[in-house]
Enquirer: 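Structure incoming, see below.
What's counted below: heavy atoms across the whole structure, side chains too, no hydrogens, waters or symmetry copies. Computed from a predicted model, the values in this text were never measured in an experiment.
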Amino acid sequence: MKSVRHFLATASVLAVATTGLVAPTTMAQSAGVTIDDIMNDATTPQDVVTYGLGTQGQRFSPLDEVNATNVKNLVPVWAFSFGGEKQRGQEAQPLVKDGVMYVTASYSRIYAVDIKTGEELWQYDARLPDGILPCCDVVNRGAAILGDKVFFSTLDAQLVALDAKTGKVVWRKKLANYQDGYSNTAAPLIVPTKKYGPLILTGNSGGEFGIVGEVQARNPENGELVWSRPTIEGNMGTLDGKESTMTGTKNESWPGDMWQTGGGATWLGGTYDQGTGLAYFGTSNPSPWNSHLRPGDNKWTSSRIAIDPENGEIKWGFQTTPHDGWDFDGVNELISFDLEKDGQTIKAGATADRNGFFYVLDRTDGKFISASPFVKNITWAKGIDENGRPIYNDDNRPGDPKEAADGKKGKAVFAVPSFLGGKNWMPMAYSQKTSLFYVPSNEWGMDIWNEPITYKKGAAYLGAGFTIKPIFEDHIGSLKAIDPVTGETKWEYKNKAPLWGGVLTTAGGLVFTGTPEGYLKAFNDKTGEVLWQFNTGSGIVSSPITWEQDGEQWLAVVSGWGGAVPLWGGEVAKLVNHINQGGSVWVFKLPKQSASN
């Protein structure tokens with residue numbers, strides 16, 4: 001556990017107080033985003049006002065000016081540097097409205113940038129206290145917009161609302177106590193309700209510290225809490241300032257009082273489907289990692305849950321890894337789509353789990369439809385049964401330390417995939433053109449063993465040790481095109497280093513993603529052929545976007561190596577320790593003479 005303690009100490013030292021608000025050089029136009037703009041984002045390519053290019057998270061653009069024929073002509077328009085010494089872990093997806101880009105950066109910073117010139121309009125730096133406890137680097141994945149406000153969360157577990165025109169603070173609310181291990185890294189989700197109007201939903205981070213996962217809904221005008229929903233059974237929700245209902249049934253699947261420190265963080269944020277009126281969140285690993293200390297399924301960790309935004313009630317849950325003993329989480333995004341199967345159209349949702357299986361569920365009720373492996377050589381399970389439950393390989397669960405002669409270290413196993421997952425946080429994309437999902441995956445395994453552990457507030461609560469190792473000589477990263485009907489991989493692009501960035505797909509027949517080697521790449525969506533690439537000077541671990549501006553299609557991506565791989569990656573981290581850190585936004589479009597070529 002030396003590596004965990006070392007990282008936590010390093011993060012505390014690095015989290016020094018920042019400079020706060022930087023005066024704007026010019027005045028941006030008001031964002032003026034309505035809830036209808038948010039609900040229609042997937043079909044209005046002149047802007048990007050949601051994380052995921054639509055609340056369903058499909059990351060599909062109907063734009064086709066840039067296509068398989070002319071993408072080779074893409075050129076940079078401008079690049080914007082985040083500046084300073086905080087050049088690492090840039091996992092953000094930008095937003096675009098009225099000629100202004102809103103983009104977050106590591107260490108809880110956010111910028112407004114003029115789209116046409118790349119000029120900074122304003123910058124806001126959160127004042128982070130000493131002693132923050134981010135598990136997996138100092139990242140921030142994006143913002144949300146509504147009305148004339150921009151919202152983003154911070155590493156010390158606060159939600160900040162800024163004036164979109166000036167960058168000045170409108171309100172700031174504490175989401176949880178960072179000293180207990182809580183933090184926030186995800187983009188907020190804005191959803192409509194009949195009773196309250198638009199609400200802003202946030203998850204939380206900190207599953208490695210024995211926190212309790214939770215989703216909160218707040219009034220975007222003043223930040224006041226409307227409801228909260230814990231993800232672990234036995235914990236009480238709130239509604240309108242009073243206790244509402246308990247999550248699940250206390251001690252149904254948790255022993256003793258372990259539900260009070262059960263993990264299940266909702267650290268990736270959520271998606272929303274207008275048809276069902278439900279918000280979908282994933283939940284992280286149970287705490288501690290040592291599964292022998294917590295017999296039972298440990299609901300609702302390593303799960304997908306559907307929440308009614310009207311009252312915060314859980315309508316259904318689906319647990320991908322009950323009694324998780326490998327830190328497989330279940331936090332990866334659930335993307336809504338219509339599944340055409342056996343002559344029927346099913347309101348479905350798909351998710352590529354860290355445990356290595358690609359799941360398709362009925363998004364109306366959470367019923368299991370199918371699951372198929374999307375990475376190779378899975379060891380922890382023999383497959384998935386007809387109810388969606390794993391068929392465990394019991395010999396591949398890390399051993400109980402109590403059975404060891406010295407009681408200090410249980411039997412080690414080599415498990416595939418590693419705890420960083422067949423797919424981690426980086427969002428996949430769904431093409432309405434090909435009906436395929438494009439999944440950024442990784443092929444790796446880990447030596448993992450259990451150790452004794454006792455909960456202490458604000459301290460790492462793992463009870464496990466690990467070393468991640470590659471399983472193939474020629475690649476770790478693998479971008480895969482997956483058919484959700486059959487589970488078949490239609491094509492695969494192999495990358496030497498792990499893939500850690502999100503995916504974008506377009507009606508122009510293209511798939512875009514970045515690599516740690518610094519390249520933004522464009523692929524043919526049917527064949528996987530690389531059609532174009534550009535090196536940004538640092539590893540890409542962010543999610544690209546595209547939009548229409550002045551009759552032209554633009555493309556943007558954030559560049560800056562970091563995230564969990566160099567911190568937790570074991571032998572894999574050594575393979576990528578030469579990659580330079582960075583912090584910038586790159587924007588591209590076609591030269592006017594090439595747009596019709």
Side-chain angles (χ1 to χ4, degrees), residues 17-35 37-38 41 47-51 80 82-84 86 90-115 119-129 132 138-175 178 183-191 197-203 216-225 269 545 558 583 585:
T18 54
T19 57
L21 183 66
V22 177
T25 55
T26 62
M27 300 302 284
Q29 295 179 359
S30 171
V33 175
T34 68
I35 190 64
D37 292 334
I38 292 171
D41 193 36
D47 53 33
V48 178
V49 296
T50 60
Y51 184 81
F80 172 81
F82 295 140
K86 300 168 183 176
Q90 313 301 343
E91 293 187 353
Q93 178 220 291
L95 302 176
V96 172
K97 180 65 177 175
D98 293 338
V100 178
M101 175 183 290
Y102 303 92
V103 58
T104 62
S106 59
Y107 291 94
S108 305
R109 295 172 291 165
I110 184 169
Y111 301 79
V113 183
D114 186 296
I115 286 294
E119 178 186 6
E120 179 181 302
L121 303 177
W122 54 256
Q123 174 186 345
Y124 174 81
D125 292 6
R127 294 186 179 275
L128 297 175
I132 58 171
V138 288
V139 304
N140 187 285
R141 298 189 176 94
I145 313 178
L146 181 66
D148 57 0
K149 301 180 187 67
V150 180
F151 310 88
F152 84 118
S153 59
T154 66
L155 286 168
D156 59 339
Q158 296 195 50
L159 181 64
V160 183
L162 304 173
D163 186 301
K165 187 177 181 180
T166 66
K168 293 182 178 179
V169 176
V170 179
W171 54 257
R172 182 191 291 112
K173 294 294 181 180
K174 179 179 177 180
L175 300 172
Y178 74 88
S183 59
N184 282 73
T185 55
L189 172 68
I190 296 175
V191 302
L199 293 178
I200 183 165
L201 274 54
T202 56
Q216 294 183 358
R218 293 178 181 269
N219 183 329
E221 288 302 312
N222 54 28
E224 293 302 313
L225 183 67
I545 62 168
V558 177
V585 184

Enquirer: Can you tell me how far apart CD1 (Ile190) and CD1 (Ile38) are? Round to the nearest 0.5 Å.
Expert: 4.0 Å
Enquirer: Say whether, by atom type as modelled, one donor and one acceptor occur between the side chain of Asp114 and the main chain of Glu119 under 3.5 angstrom.
Expert: no
Enquirer: Decide yes or no for Ile115 and Val100: does some side-chain heavy atom of the first lie under 4.5 Å from some side-chain heavy atom of the second?
Expert: no
Enquirer: State the CG-CD1 distance between Leu95 and Ile545, to the nearest 0.5 angstrom.
Expert: 7.0 Å
Enquirer: Could you give the distance from CZ (Arg172) to CZ (Arg127), rounded to the nearest 0.5 Å?
Expert: 9.0 Å
Enquirer: What are the two closest non-hydrogen atoms of Pro188 and Gly142, and how far apart are they?
Expert: CD-O, 3.9 Å
Enquirer: Not counting sequence neighbours, which residues clear side-chain hydrogen bond (donor to acceptor under 3.5 Å, both in side chains) with Asp156? List them please.
Expert: Thr154, Gln158
Enquirer: Which heavy atom of Pro198 sits nearest to which heavy atom of Pro220, and what is that distance?
Expert: O-CD, 3.1 Å
Enquirer: Can you name the nearest heavy-atom pair linking Val49 to Val96, along with the distance?
Expert: CG1-O, 3.9 Å
Enquirer: Check whether any side-chain heavy atom of Arg218 lies under 4.5 Å from a side-chain heavy atom of Leu175, and answer yes or no.
Expert: yes
Enquirer: The criterion is salt bridge (Lys or Arg N to Asp or Glu O under 4.0 Å); which residues satisfy it with Arg141, sequence neighbours excluded?
Expert: Glu91
Enquirer: Does the side-chain contact (heavy atoms from CB on, under 4.5 Å) test come out yes or no for Asn184 and Leu155, once each step is laid out?
Expert: CA-CA 5 Å; Asn184 282 73; Leu155 286 168; over 6 Å; no
Enquirer: Mind checking ring pair (Phe, Tyr, Trp, His ring centres under 6.0 Å) for Phe151 and listing every partner two or more places apart, or none if nothing turns up?
Expert: Trp171
Enquirer: Looking at side-chain heavy atoms only, is the closest gap between Tyr124 and Val160 below 4.5 Å?
Expert: yes
Enquirer: Tell me the closest heavy-atom pair linking Leu146 and Ile35, and the distance in Å.
Expert: CD1-N, 3.9 Å
Enquirer: Who are the side-chain hydrogen bond (donor to acceptor under 3.5 Å, both in side chains) partners of Thr104, not counting sequence neighbours?
Expert: Asn140
Enquirer: Would you say that Phe152 contacts Ser108 through its side chain, given a criterion of any heavy-atom pair below 4.5 Å between the two side chains?
Expert: yes
Enquirer: Among all residues two or more places apart in sequence or in another chain, which pass the side-chain hydrogen bond (donor to acceptor under 3.5 Å, both in side chains) test with Gln93?
Expert: Arg59
Enquirer: Would you say Ser153 and Thr202 make side-chain contact, with heavy atoms under 4.5 Å?
Expert: no
Enquirer: If I compare all heavy atoms of Gly167 with all of Leu162, which pair ends up nearest, and what's the gap?
Expert: O-CD2, 3.6 Å
Enquirer: If you take all heavy atoms of Val170 and Lys149, which pair is closest and at what distance?
Expert: CG1-CE, 3.8 Å
Enquirer: Measuring from Tyr107:OH to Asp125:CG, what's the distance to the nearest 0.5 Å?
Expert: 12.0 Å
Enquirer: So does Lys86 get a backbone contact from the side chain of Arg109, meaning a donor-acceptor N/O pair under 3.5 Å?
Expert: yes
Enquirer: Under a 4.5 Å cut-off applied to non-hydrogen side-chain atoms, are Asp148 and Lys165 in contact?
Expert: no
Enquirer: State which residues pass salt bridge (Lys or Arg N to Asp or Glu O under 4.0 Å) with Asp47; sequence neighbours excluded, sorted by chain then number.
Expert: Lys97
Enquirer: Which value, rounded to the nearest 0.5 Å, describes the distance between Glu120 atom CD and Tyr111 atom OH?
Expert: 7.0 Å
Enquirer: Does the side chain of Phe82 come within less than 4.5 Å of Val585's, by heavy atoms?
Expert: yes
Enquirer: What is the distance from atom CG of Leu159 to atom CD1 of Ile200, rounded to the nearest 0.5 Å?
Expert: 5.0 Å
